[in-house]
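Inspection log for the structure reproduced underneath, given as C-alpha cells.
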2 protein chains.
Amino acid sequence: MAPPTTEPLTAERILVATEEVLRRHGPAKATVVDVARALGVSHGSVYRHFRTKAALREAVTKRWLDRTTATLTAVATAEDRDPEARLRDWLTTLFEAKRRKAGDDPELFATYQVLAEENGEAVAAHIADLTAQLTGIIRSGTATGTFASTDPTTTARAVFHATSRFHKPSFAPAWQEPDIEKQFTAVLDLVLRGLRA
Amino acid sequence: MAPPTTEPLTAERILVATEEVLRRHGPAKATVVDVARALGVSHGSVYRHFRTKAALREAVTKRWLDRTTATLTAVATAEDRDPEARLRDWLTTLFEAKRRKAGDDPELFATYQVLAEENGEAVAAHIADLTAQLTGIIRSGTATGTFASTDPTTTARAVFHATSRFHKPSFAPAWQEPDIEKQFTAVLDLVLRGLRA
DNA sequence: CAGCTGACAGATTTCAATATCTGTCAGCTG
DNA sequence: CAGCTGACAGATATTGAAATCTGTCAGCTG
C-alpha cells in the first residue's frame with residue numbers, strides 16, 4: 001500500500017490515487033488518510049495540494065465530468081454532417097455512454113453519483129457545457145433550414161430536459177428495462193419531429 | 001393522544017390516523033405503536049386490519065396516488081374539448097399540482113417520496129393509470145386528425161417520459177428555479193409540435 | 001364469540017463511549 | 001529552505017449495549 005517513489009508528489013498523482021481509493025472503498029469510506037497511504041506519503045502532504053477534502057473530491061468530480069464532455073465534443077463539432085443525424089448521434093452517444101457506465105460497474109457509477117450530488121456547481125457547469133454543444137448543433141440546423149427554432153439556446157435546453165430520462169443518473173435503474181431502447185427511440189423521434197422546420 | 005371513541009375500528013380510520021402520524025413524525029419515525037396510540041387502541045388491533053407495517057404504508061401510498069389520479073381524470077375525459085388543449089391542460093395540471101405540493105409542504109412531500117420509493121409496484125400502477133389517460137387523449141387527437149401517431153400507447157409513454165422533469169418527484173428541487181415555467185413551456189411546445197399531424 | 005388486549009421473542013433503532021478522521025502547524029530532512 | 005512529517009484539537013464515524021419496535025397469539029371482555 002506504500003510503494004516508495006522518487007517521483008514528486010503532484011496534484012495529478014493525488015487525483016489518480018483518489019480515484020483509485022474511491023473505487024476501492026466507496027464515497028462514504030474513502031478518507032484523505034487512505035489517499036496518503038496509497039501514495040506512501042503523510043496525509044499532511046495531500047493538504048499541501050488541496051485545501052480541504054471537499055476540494056479534492058470536487059477536483060476528482062470535475063475530471064470525471066470533463067472526460068464525458070470530451071467524448072461528445074467530437075460528435076457535436078462534426079460541422080460537415082447533417083444536423084439531424086448529428087443531434088441523433090449526440091443524444092444516442094450520451095445515452096449509450098451513461099448506460100454502459102451504469103451497467104458495467106454500478107458501484108463506481110453510484111460513487112460518482114454521490115460526488116455529483118455534493119458538487120452541484122461542477123455539475124451545473126458540466127450541464128452548461130453540454131447544452132452549449134446542443135445549441136451549436138441546433139443553430140447549424142436552423143442555418144441549413146433543417147430545424148425551426150427562434151431561440152437555439154432555449155430549444156437546446158428543452159431538448160436536454162425532454163431527454164432527461166436517458167441521461168440523468170437518477171434514472172439509471174430504468175436503463176435496465178428491456179424496452180428502454182424503444183422508449184429512447186420514441187422520445188427521440190418525438191423530439192426530432194418537434195424540431196423539424 | 002388516546003381519545004376514547006365508541007366508533008368501530010375500521011381500515012379507513014387506521015389509514016387516516018397513519019397519514020396524520022406520518023405527517024407528524026416523518027417516514028423514518030412513524031411506528032405502528034404511534035398509530036395505535038393516536039387511535040386509543042393497542043397496536044395488536046391495527047394488525048387485525050393490516051397484516052404488516054409495510055402493507056399499511058402501501059395502503060396509505062395508494063390512497064395518496066389515487067387522489068392525484070382523480071384530479072387529472074376530469075381533464076383527460078373532457079371528450080368534447082380540442083385534444084391539443086386537453087393535452088396541454090393535462091400536463092400543466094399535473095405539473096402545477098406536483099409543484100404546489102412540493103412547495104407548500106416540502107416535508108410532507110419528502111415523506112410521500114419515501115413511501116413511493118418503498119412501493120415501486122403501487123407507483124408503477126399509478127404511472128400505468130396516468131399513461132392510459134394520456135393514451136386516451138392522444139387517441140382522440142389522432143381520430144380528429146390533430147395528432148399524428150401510429151401507436152398512441154407508445155406515443156403516450158414518450159410524452160410522459162419527455163416531460164419527466166416536470167412530474168418526477170426527484171426533480172422537485174428544480175421546480176424552484178426562477179425560469180422553471182419557461183422551461184416547462186419550451187418542452188411542452190417542443191412535444192406538441194412533435195405530435196401535430 | 002368477535003373484537004380487542006398486552007406479554008413476549010426476535011428484529012431494529014438509539015445512544016453514548018470509543019476510535020478514526022480532518023485540517024493545522026512547528027519542526028525535521030535532504 | 002522547499003517540501004514533507006507527524007502530533008494534536010476538534011469534528012465525525014463506529015460500535016455494542018440498552019431501548020424500542022414488529023408481529024404473534026393465548027386469553028380477556030362486553
Per-nucleotide protein contact string for nucleotides 10-30 of chain D (B base, S sugar-phosphate only, - none; heavy atom under 4.0 Å): -----------SBBB------
Side-chain N or O of Ser45(A) closer than 4.0 Å to phosphate OP1/OP2 of dC4(D):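 No, no such contact exists.
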Phe184(B)/His161(A) aromatic ring centres below 6.0 Å: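 Ring-ring flag for Phe184(B)/His161(A): false, centres at least 6.0 Å apart.
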With Asp34(A) via side-chain contact (heavy atoms from CB on, under 4.5 Å) - residues at least two apart: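 In terms of side-chain contact (heavy atoms from CB on, under 4.5 Å), with neighbours along the sequence ignored, Asp34(A) is linked to Val21(A), His25(A), Thr31(A), Arg37(A).
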Would you name the heavy atoms of [X] and [Y] that are closest together and state the gap between them?
{"X": "Arg86(B)", "Y": "Ala78(B)", "value": "NE-O, 3.3 Å"}
{"X": "Ser164(B)", "Y": "Phe171(A)", "value": "CB-CZ, 3.9 Å"}
{"X": "Ala148(B)", "Y": "Arg193(A)", "value": "CB-NH2, 3.8 Å"}

Passing option when Arg99(B) is tested against Glu181(B), Gln176(B), His167(B) for side chain to side chain donor-acceptor pair (under 3.5 Å):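 Looking at Glu181(B), Gln176(B), His167(B), the match for Arg99(B) under the side chain to side chain donor-acceptor pair (under 3.5 Å) is Glu181(B).
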Watson-Crick or G-U pairs under 3.5 Å in DNA chain D, rendered as dot-bracket with [ ] for crossing pairs and | for another strand: ||||||||||||||||||||||||||||||
Thr73(A) side-chain N/O to Thr69(A) backbone N/O, donor-acceptor pair under 3.5 Å: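 Side chain of Thr73(A) to backbone of Thr69(A): a pair is present.
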Min side-chain heavy-atom separation Arg51(B)-Leu56(B) under 4.5 Å: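 Side chain of Arg51(B) against side chain of Leu56(B), heavy atoms only: no contact under 4.5 Å found.
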